[in-house]
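Take a look at the structure below.
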Amino acid sequence: MVPRFYNTLTRDKADFRPLDPSHVRMYVCGPTVYDRAHIGNARPLIVFDVLFRLLQELYRTSARVTYVRNITDVEDKINARAAERFPEMEPVAGIRRLTEETYQGFREDVGALGCLPPTVEPRATEHIAEMIAINERLLASGNAYLSEGHVLFSVPSMADYGRLSQRPLDEMQAGARVEVESYKRDPMDFVLWKPSNPSEPGWNSPWGYGRPGWHIECSAMAWKHLGETFDIHGGGIDLVFPHHENEIAQSRCAFHQPVMASVWMHNGFLQAEGEKMSKSLGNFVTIRELLADWPGEVLRLTMLKTHYRQPIDWTLKSLEESARTLDDWYWFARDLTASSPDHAVLEALADDLNTPKAIAELHGLRNAAQRSGAEADLARFVGSLRFLGFLGESAEAWAARKKEAAGVDQAAVEALVAARLAARNAKNFAESDRLRDELAALGVILKDSKDPKTGAFRTEWEVRR
RNA sequence: GGCCUCGUGGCGGAGUGGUUACGCAGCGGACUGCAAAUCCGUGUAUUCCGGUUCGAUUCCGGACGAGGCCUCCA
C-alpha cells in the first residue's frame with residue numbers, strides 16, 4: 001500500500017516514497033514549553049501520532065520510522081516567565097527549571113491523549129552547537145550577515161524563497177505593519193542569532209553571548225536527528241509562514257539541498273463553539289482542563305472525526321457524541337483480543353490521513369462483528385481501535401471512571417439497584433418503577449438484560465454523561 | 001490591501017463527472033410487565049448565479065458567507 005499525502009509545498013496530493021527506502025523520517029514542530037498546552041496544541045500531536053502509527057505499520061517489514069518532535073525551551077516568553085518565577089537563578093538554569101516542569105505536565109497531557117512517544121524529543125537548548133554550525137555555514141555561503149551583534153539571514157540571497165507559502169518576494173508587505181529594525185538590510189531578513197544581555201539566557205558563540213532566533217532550532221534539530229534532508233515535516237498551518245518558510249531557507253542554503261523535507265503537512269485550526277479561540281475572548285481551554293471532565297480518548301476521537309486539514313469547531317456537543325461512541329465501543333469490545341488493523345482502515349489513513357473515513361470503517365467493523373458474532377471480526381474491530389490509539393484501558397476501568405466522574409454514591413446506587421431488582425422479581429412493579437425513577441433522578445440509567453445462557457434476568461447501571 | 005483555505009441533510013462529517021458514505025438525533029419495529037439499554041429497519045442535503053458537458057455536489061468563472069496567514073499563535 002503506497003500512502004498519498006497532501007503536500008503544502010506542491011499544493012497537491014501525491015504518492016509518498018521515502019528518500020531512504022529503509023528509513024522513514026519525519027519531523028513535527030513540538031510545543032513551546034512555558035505554560036500548559038491548550039486544546040489547539042493537541043491537534044498536531046494527535047494527527048501526527050496517527051501518521052507515525054500508520055508509517056510504522058506500512059513500513060513494518062521494510063523500514064524503520066524515526067519521528068522527531070522537538071521541545072522549544074528557549075524563547076522570549078519562556079525567558080520572561082522564568083525571570084519572573086526564578087529571579088534568583090542563573091538565566092539558563094531558570095529556563096531549564098521552568099521548561100522541565102512544563103514539559104512534565106505536557107508529557108502527562110499527551111500520554112492521556114493516547115499518543116505514542118516520538119522516537120526523539122530533542123530540546124533546543126541542547127542543540128546550540130548545531131545552530132552555531134548552521135550559522136557559520138550560512139555566513140560562509142553569503143546567505144547570512146552580521147549586523148549590530150545579530151546574525152541575520154539574507155532573504156534576497158535565496159532566489160526561490162517563498163515557495164512553501166507561495167509568497168513571491170516582491171509581493172510581500174513586510175514592514176508594512178511592523179517597524180523594521182535598523183539592523184536589517186532587507187525588511188524580510190530574519191534573525192538567526194541575537195545578543196543577550198547578562199540577565200537573559202544566552203550561550204557563548206563566535207558572535208558573542210547570545211541566543212538563537214526562532215527558526216534556527218528546528219533546522220538544527222532536524223539536521224542532527226534526521227539529516228540534511230528528510231521525508232515529512234509537519235506542524236500547524238499557522239507555521240507555514242514565516243516559521244517553516246524560514247526553516248527551509250536556513251536548511252537548504254546551509255546544506256545546498258533542493259529541499260529540506262519532501263512533504264510538508266499542516267493541520268488546520270480549532271474554533272471554540274463557533275468563535276475564534278483566543279486569549280482575549282477567554283475561550284482558550286487547556287488540555288489539562290478538558291482532561292478533568294473527559295477521558296483523553298474522547299478528546300482524541302473528537303479531534304479525529306474531522307480531516308486534519310479542515311477546521312474543527314470544538315464544541316461540547318461534539319465531545320458528548322464522542323463519549324457516547326466510545327462508551328459503545330468499550331462496551332462492545334469487552335477487552336477481547338486484538339488482531340492486526342483492518343485493511344480498509346489502513347486504506348483510509350493512507351489516503352492523506354482520512355480519519356473520518358477510517359472512523360466510518362470502524363463503525364462498519366463494529367456492525368459487521370455485531371451481525372456475524374465471529375471472533376475474527378471482533379478481533380479486527382478491536383485491533384483497528386487499538387491501532388488508532390483507542391481502548392487504552394480496560395472496559396471495566398472505562399465504565400468505573402465514568403461512574404466516579406459523575407460523583408454518585410456508588411454504594412447507595414448499588415443498594416437501590418438491588419432493591420429494585422428484588423421488587424421486580426417479586427412482580428411488585430409499582431415499587432420497582434418507583435425505584436427506577438428514583439435512580440433516574442440521580443442520573444443513573446438501568447440496563448436490563450437476560451443472560452443468554454441461563455435466561456436469568458440481570459441488570460447493570462451507568463450514569464448519564 | 002496581498003495571499004491561502006472552506007461552504008454537503010436537524011447536527012457532526014467523508015467520498016464522488018452519472019444509484020450521495022458514516023455517526024448522533026428523529027421516526028417505525030423487535031425485545032420488555034411498562035420502560036431503558038440492545039437489536040432490526042428508515043426519511044431528510046450538496047450557499048447562490050453563470051459556463052463547460054449528454055449529464056456537475058464534484059471541473060471553470062463570479063457573487064455572497066466563514067476561517068486563516070502577512071504580528072515568534074498548533
Side-chain angles (χ1 to χ4, degrees), chain A residues 8 11 28-32 37-48 72 74-78 162 165-168 170-179 188 190-191 212-215 217 234-243 245-246 266-271 274-279 284 301-302 304-313 315 317-325 327-328 331-332 348 351 354-364 366-367 370-371 424 427-430 432-433 436-437 439-440 444-450 457 459-462 464:
Chain A
T8 307
R11 313 271 157 158
V28 173
C29 288
T32 300
H38 61 75
I39 190 60
N41 296 308
R43 193 168 190 188
L45 300 173
I46 294 169
V47 163
F48 294 110
T72 297
V74 54
E75 185 260 358
D76 285 350
K77 280 198 291 287
I78 292 174
S165 52
Q166 295 198 353
R167 287 156 197 261
D170 52 6
E171 277 184 24
M172 283 203 233
Q173 304 277 319
R177 297 172 60 171
V178 191
E179 203 177 326
M188 289 304 301
F190 57 90
V191 172
W214 175 29
H215 317 293
E217 58 175 73
I237 190 150
D238 59 316
L239 296 180
V240 172
F241 188 89
H243 183 56
E245 198 70 78
N246 291 348
H266 293 97
N267 64 271
F269 260 46
L270 256 61
Q271 282 186 279
E275 287 195 306
K276 179 179 173 164
M277 228 186 238
S278 76
K279 283 178 179 155
F284 244 72
L301 179 59
T302 302
L304 295 179
K305 281 195 296 195
T306 302
H307 182 85
Y308 76 96
R309 286 191 279 120
Q310 294 289 100
I312 296 182
D313 188 14
T315 63
K317 195 176 172 209
S318 184
L319 287 163
E320 285 167 347
E321 196 180 304
S322 302
R324 282 188 81 91
T325 301
D327 283 347
D328 177 72
W331 167 81
F332 191 78
D351 182 14
N354 192 339
T355 53
K357 180 88 187 305
I359 290 166
E361 299 294 351
L362 290 176
H363 289 297
R366 184 228 182 268
N367 294 335
Q370 164 70 39
R371 277 193 199 92
R424 207 212 83 101
K427 300 222 186 302
N428 183 353
F429 296 122
S432 165
D433 290 353
R436 189 169 66 194
D437 290 345
L439 284 160
V444 172
I445 301 167
L446 295 178
K447 301 162 86 164
D448 295 338
S449 59
K450 274 184 182 157
F457 189 86
T459 190
E460 293 169 296
W461 65 278
E462 67 174 41
R464 201 176 318 125

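Reckoned from all heavy atoms, side chains included, excluding hydrogens, waters and symmetry mates.
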Starting at [atom1] of [X] and ending at [atom2] of [N], how long is that distance when rounded to a whole Å?
{"X": "A:Arg43", "N": "B:rG68", "atom1": "CZ", "atom2": "C1'", "value": "12 Å"}
{"X": "A:Phe457", "N": "B:rU38", "atom1": "CZ", "atom2": "P", "value": "15 Å"}
{"X": "A:Tyr308", "N": "B:rG13", "atom1": "OH", "atom2": "P", "value": "17 Å"}
{"X": "A:Arg324", "N": "B:rU38", "atom1": "CZ", "atom2": "P", "value": "7 Å"}
{"X": "A:Asp328", "N": "B:rC39", "atom1": "CG", "atom2": "C1'", "value": "12 Å"}
{"X": "A:Asn267", "N": "B:rU5", "atom1": "CG", "atom2": "P", "value": "17 Å"}
{"X": "A:His363", "N": "B:rG12", "atom1": "NE2", "atom2": "P", "value": "16 Å"}
{"X": "A:Leu270", "N": "B:rG68", "atom1": "CG", "atom2": "P", "value": "12 Å"}

Taking the side chain of [X] as its heavy atoms from C-beta onward, which of [options] lies nearest to it?
{"X": "A:Glu321", "options": "B:rG33, B:rG23, B:rA36", "value": "B:rG23"}
{"X": "A:Asp448", "options": "B:rC72, B:rA14, B:rA36", "value": "B:rA36"}
{"X": "A:Phe269", "options": "B:rG41, B:rG33, B:rA74", "value": "B:rA74"}
{"X": "A:Lys450", "options": "B:rU32, B:rC69, B:rG23", "value": "B:rU32"}

Give a yes/no answer on whether the side chain of [X] brings an N or O atom under 4.0 Å of OP1 or OP2 in [N].
{"X": "A:Gln310", "N": "B:rG13", "answer": "no"}
{"X": "A:Asn354", "N": "B:rA21", "answer": "no"}
{"X": "A:Ser449", "N": "B:rU38", "answer": "no"}
{"X": "A:Arg366", "N": "B:rC39", "answer": "yes"}

Mark yes or no for a side-chain to base donor-acceptor pair under 3.5 Å between A:Asp433 and B:rA35, with no hydrogen or angle criteria applied.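 It does not, because no donor-acceptor pair links the side chain of A:Asp433 to the base of B:rA35 below 3.5 Å.
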Side-chain donor/acceptor of A:Arg436 to base of B:rA35, under 3.5 Å: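 Looking at the base of B:rA35, it does pair with a donor or acceptor on the side chain of A:Arg436 (distance under 3.5 Å).
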So which one's nearest nucleotide on RNA chain B is more toward 5', A:Ala360 or A:Gln271?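 The residue closer to the strand's 5' end, by nearest nucleotide, is A:Ala360.
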Closest nucleotide of RNA chain B for A:Lys317 versus for A:Gln370: which of these residues is on the 5' side?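 Closest to the 5' end, via its nearest nucleotide, is A:Lys317.
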In whole angstrom, give me the gap between the [atom1] atoms of [N] and [M].
{"N": "B:rG9", "M": "B:rG1", "atom1": "C1'", "value": "38 Å"}
{"N": "B:rA35", "M": "B:rG29", "atom1": "P", "value": "11 Å"}
{"N": "B:rU71", "M": "B:rC3", "atom1": "C1'", "value": "16 Å"}
{"N": "B:rC54", "M": "B:rC69", "atom1": "C1'", "value": "43 Å"}
{"N": "B:rG26", "M": "B:rU44", "atom1": "C1'", "value": "10 Å"}

What's the spacing between [X] [atom1] and [Y] [atom2] if we round to 0.5 Å?
{"X": "A:Asp313", "Y": "A:Leu270", "atom1": "CG", "atom2": "CG", "value": "8.5 Å"}
{"X": "A:Glu75", "Y": "A:Glu217", "atom1": "CD", "atom2": "CD", "value": "8.5 Å"}
{"X": "A:Leu304", "Y": "A:Asn354", "atom1": "CG", "atom2": "CG", "value": "11.0 Å"}

Can you tell me the base-pairing partner of B:rU38? Count Watson-Crick or G-U wobble geometry only, both distances below 3.5 Å, and say none if there is no partner.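 Base-paired to B:rA30.
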Tell which nucleotide pairs with B:rG17, taking only Watson-Crick or G-U wobble pairs whose two distances are both under 3.5 angstrom.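 Its partner: none found.
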For A:Lys305, look at atom NZ and say whether over 12 heavy atoms of other residues, nucleotides or ligands are found less than 6.0 Å away.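 For A:Lys305, atom NZ is crowded (more than 12 foreign heavy atoms under 6.0 Å).
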